[in-house]
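Here the structure is a predicted model, which means the values were calculated and not measured. Residue numbers start at 1 and run along the sequence shown.
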Amino acid sequence: QLQLVESGGGLVQPGGSLRLSCAAPGFTWNYYAIGWFRQAPGKGREGVSCISRSGGSTNYADSVKGRFTTSRDNAKNTVYLQMNSLKPEDTAVYYCAAKYSCATTATVDYWGKGTLVTVSS
């Protein structure tokens, strides 16, 4: 069973930064687009960003545009989510997910288990 593994979560003050990583050793990495999702306490899961298989195309939720950046290093089988200017409302469990494309209609083939990001003073 393939598993994606997120890391880099933690506690950060408002205005701070974190970089999340998503890795899967042995995974055919460049076959999949990678999305980042998050689920805040008491809320549903929402899409945050997506990066295409080649890394040439990205998209972001309006709530994170200009603050979050996703990138990938296929040689290292790793995708990153750089989060800057963090706000308390960014507090959530963040998940990475592998899907065929970044189209919203594309289903997720694999999920990670998530990493908790807490933004608080």
Side-chain angles (χ1 to χ4, degrees):
Q1 180 73 20
L2 176 69
Q3 278 196 336
L4 305 177
V5 180
E6 303 93 338
S7 61
L11 174 64
V12 63
Q13 291 187 342
S17 298
L18 281 176
R19 189 177 78 159
L20 305 184
S21 299
C22 173
F27 186 43
T28 308
W29 200 250
N30 58 4
Y31 186 72
Y32 291 95
I34 302 296
W36 286 96
F37 296 78
R38 66 185 181 185
Q39 187 165 17
K43 295 188 177 181
R45 191 173 294 184
E46 65 168 338
V48 174
S49 69
C50 191
I51 186 165
S52 64
R53 286 176 281 176
S54 68
S57 176
T58 57
N59 59 48
Y60 299 92
D62 287 344
S63 58
V64 306
K65 276 182 184 175
R67 300 188 298 122
F68 290 12
T69 303
T70 187
S71 60
R72 66 190 299 159
D73 185 338
N74 285 342
K76 294 183 178 179
N77 288 349
T78 304
V79 168
Y80 305 97
L81 182 67
Q82 178 67 43
M83 306 186 296
N84 299 327
S85 302
L86 283 161
K87 305 175 181 180
E89 52 263 43
D90 294 318
T91 295
V93 178
Y94 284 72
Y95 303 87
C96 64
K99 47 195 296 193
Y100 181 72
S101 80
C102 285
T104 54
T105 53
T107 57
V108 171
D109 291 323
Y110 302 102
W111 287 98
K113 292 186 176 181
T115 185
L116 177 63
V117 172
T118 303
V119 185
S120 175
S121 54

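Counting heavy atoms from C-beta outward, Ser7 and Thr115 have side chains that stay 4.5 Å or more apart. Val93 is listed as a side-chain neighbour of Tyr95, based on a closest heavy-atom distance under 4.5 Å. Inter-residue side-chain proximity for Asp90 and Met83 is flagged as unmet; no heavy-atom pair is nearer than 4.5 Å. At least one side-chain heavy atom of Tyr80 sits less than 4.5 Å from a side-chain heavy atom of Asp73. Under the 4.5 Å side-chain criterion, counting only non-hydrogen atoms from C-beta, Leu20 is in contact with Val117.
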Could you walk me through whether Ser17 and Val12 pass side-chain contact (heavy atoms from CB on, under 4.5 Å), step by step? CA-CA 7 Å; Ser17 298; Val12 63; over 6 Å; no
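Aromatic ring orientation, Phe68 versus Tyr94: tilted (interplanar angle from 30° to 60°).
Ala106 and Ser101 get closest at one heavy-atom pair: CB-O, 3.5 Å. Smallest separation of non-hydrogen atoms from Thr70 and Val79: OG1-CG1, 3.8 Å. The two residues Gly114 and Glu6 come nearest to each other via the heavy atoms N-OE1, 2.8 Å. Considering every non-hydrogen atom in both Tyr32 and Tyr100, the closest pair reads CD2-N, 4.4 Å. The heavy-atom pair separating Leu4 from Tyr110 by the smallest distance is CD1-O, 3.7 Å. What you find for Ala40 and Thr91 is that their closest heavy atoms are CB-O, 3.5 Å.
With sequence neighbours left out, the ring-ring contact (aromatic ring centres under 6.0 Å, His included) criterion links Phe37 to Trp111.
Of the charged side-chain nitrogens involved, at least one lies within less than 4.0 Å of a carboxylate oxygen, so that Asp62 and Lys65 count as a salt-bridged pair.
Residues Tyr31 and Ile51 are members of one and the same hydrophobic cluster, defined by side-chain heavy-atom contacts under 4.5 angstrom among Ile, Leu, Val, Met, Phe, Trp and Tyr.
For Gln3 (side chain) and Ala24 (main-chain N/O), no donor-acceptor pair under 3.5 Å exists by modelled atom type. Here the side chain of Arg72 pairs no donor or acceptor atom with the backbone of Gly55 at under 3.5 angstrom.
For residues 29-60, the disulfide bond (SG atoms under 2.5 Å apart) pairs, not counting sequence neighbours, are Cys50-Cys102. Applying the side chain to side chain donor-acceptor pair (under 3.5 Å) test to every pair with at least one member in residues 42-55, sequence neighbours left out, gives these pairs: Arg38-Glu46.
Rounding to the nearest 0.5 angstrom, the gap separating the CD atom in Gln82 from the OG atom in Ser21 is 9.5 Å. Expressed to the nearest 0.5 Å, how far CG of Leu81 lies from CD1 of Ile34 amounts to 12.5 Å.
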